[in-house]
Each structure stands twice: as structure tokens, then as C-alpha cells.
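Presented below is the structure to which this report refers.
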Amino acid sequence: MTAETHIHDAPPAGAAADWTIPQNWDAFTAEEHGVWDTLFDRQARLLPGRASSAYLRGLEALKLSESGIPNFDDLSERLMKLTGWQVVAVPGLVPDDVFFDHMANRRFVSGNFIRRADQLDYLQEPDVFHDVFGHVPMLADPVFADYLAAYGRGGLRALALGALPQLSRLYWYTVEFGLVQEAEGLRIFGAGIVSSSAESVFALDDASPNRIGFDLARVMRTEYRIDDFQQNYFVIPSFEELLRVTVETDFAPLYEQIRPLPSIPVGEIVEGDDVIHRGTQAYAQRKAQTAIA
Ligand code: PHE
Ligand code: FE
């Protein structure tokens, strides 16, 4: 899900030097395909009117509604024709440089397991539902496809510059938890939201979180939490604008500029924010109280 953590230090047995493994699609059981279908049906019902039109178009174009866990060869063939991306299987989280190198070369790495039927909402590590249902539809959009490939190149550069914590926040608040302003209203496109039934409602409808206009330096200074709903969502004006500002900005001086500044805690509004919705933070406060009680 995030580029910041990894578990193995070298490719585990059975993995290639680039950490990919065969998807071994035939090995998925009927029960595992059933988990995909259950999750798919739940989200497919929720997302019209909530997910961005680019996401919904991608879901359709890639035929992800076909029953069962998608076969990566078929999926990659469709995706390749649209935007030149492929989907490859990996054993779990991979090292940052491996992750970025695949991304820069338009290979999206996906976990090769699916959550258990009794843990539909519980995920410690990204599984194939998060990775494919959450991320891959956006890769069918030519503009977003370019953004993620550019992000991969930017990731390799950030590693060299020691600025990965800053760049990871950009990934978090766009690729994983981004909102976009569309003519009909706010829409979700981040994979962490669209693949979660609870957060796909919370992110748009709940009064608790802040919704703030996207600003590159602001986002790269903002902390995030990985274990609960977000307390801030950032809203991009369009994918074209996101691509433009990230590609046209040289991040090296920006990293230098923000490095000495304090990071911004989750849930905080700061001077200069374009506040679209000032959150009540009621959800976060309720959580904090039950933690003490
Ligand atoms: N322009 C960025 C840099 O100079 C690279 C980048 C592009 C990062 C797009 C993220 C997204 O490092
Ligand atoms: Fe993810």
C-alpha cells in the first residue's frame, strides 16, 4: 500500500531477481474467487456517484466485473493496449527501489493473495483486491497512468536525495487517499478509499475529516495514519493538473525547502489552506475517548 515499508531483504525463494513471481492463477480456490466476488459486489454498488469518472471508466474498460480474481495476463493485455501498463505479482511488500523501478517502467506490482472470507474489512498488507480493484482502474486513464510512471521515476530520485518520507506523503494523499473535484461534486479516486466500503462513504459524507485543496508542499509536510480513516483528505482540481504540477516541479529544491519545517499533524488546518470542508474531527475524538476509557 505504501512505499515506505518492506518485509524481506532479498527476493524470497521462487521469486525472480526483480521480485516478481508467477501469479499462478489456477491455484486460487473457489472460496478465494468468492471473496473477490463478495468484495467486488459490495464496492460496485457503492461507487457510482462516489468514485471519479476516470476510475469507473477504468473498471468498465478492464472488465473487472467478470467473476473471480482477475488473471493478470488477461488484465495486462487489456491495460497494455490502453496505457502501456502491466500488472505483475509479488510475494508481498517489496523494497522501495524495486517498487519504484517497476512503477517507472509501467509495471504495477500486486500482492498475490486475497484476504480471508472472515476478514473482509481487515488488512495488514495489501492483497490482490486492494491492489487490483483499488489501483488498477486508474491506470487505464492515460493521464493518471503517466502520473504514476513519473512518480516511480521521482521515487528513485527521492531515494537518492534522502527525501522518501516527503515523497511518500504525496503517494499517500493522492494514489491511496485522493479526492478529485468533478463538475457534479467531490469524487474519490484513491485506492485505499475505493477498495474500502466504510471509507468510501466516510471520505465523502462524514463531517469529521478535513477536505483541503491540494497543495504540493503542504501535502509533503503532512503526516498520515495507516491504521484508521484519514483525518485529512486532499482534493485535486483534475488529474491533468496533478500531473502538470508534479512533472513541472523540480522536487530537489522543494525537499530542501520543506526539510527544516515541522511536519503538520493529521487533522490540522494551517494558514494558507484552501479549506473545502473544515472537519469536526468528531470521529477522531470519539476514537481517542474510547481508547482512554
Ligand atoms: N518532478 C519530480 C522530481 O523532480 C518527479 C515526480 C513526478 C514525482 C511526478 C512525483 C510525481 O523529482
Ligand atoms: Fe495501495
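Below, each value reflects all heavy atoms present in this structure, side chains not excepted, and no hydrogens, waters or symmetry copies. Order of appearance sets the numbers: ligands from 1, and atoms from 1 within every ligand.
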Cationic N near anionic O, under 4.0 Å, D73 to R78 = no

Show me a pair-per-line table, with atom names and distances to 0.1 Å, of protein N or O atoms that are under 3.5 Å from an N or O of ligand 1.
from: ligand 1; atom 1: 1 (N); to: T246; atom 2: O; distance (Å): 2.7
from: ligand 1; atom 1: 1 (N); to: T249; atom 2: O; distance (Å): 2.8
from: ligand 1; atom 1: 4 (O); to: R157; atom 2: NH1; distance (Å): 2.5
from: ligand 1; atom 1: 4 (O); to: F251; atom 2: N; distance (Å): 3.0
from: ligand 1; atom 1: 12 (O); to: R157; atom 2: NH1; distance (Å): 3.0

inquiry  = Using ring centroids (six-membered ring only for Trp), state whether H135 and F108 fall under 6.0 Å.
reply    = yes

ask   = Which single N/O/S atom of E176 lies at minimum distance from the Fe ion (ligand 2)?
value = OE2

query = Shortest non-hydrogen contact from Q230 to E199?
reply = N-OE2, 3.3 Å

task = Give the name of the N/O/S atom in H130 that lies closest to the Fe ion (ligand 2).
result = NE2

Lys/Arg-Asp/Glu bridge criterion (N-O < 4.0 Å) met for R259, E256 = yes

request  = Please confirm if an N, O or S atom belonging to D131, backbone or side chain, lies less than 2.8 Å from the Fe ion (ligand 2).
outcome  = no

ask   = Is D121 salt-bridged to R115, going by a charged N under 4.0 Å from an acidic O?
value = no

ask   = Should we say atom CZ of R42 is surrounded by more than 12 heavy atoms from elsewhere, each under 6.0 Å from it?
value = yes

request  = Could you tell me how the ring of F177 sits relative to the ring of W172: parallel (under 30°), tilted (30 to 60°) or perpendicular (over 60°)?
outcome  = tilted

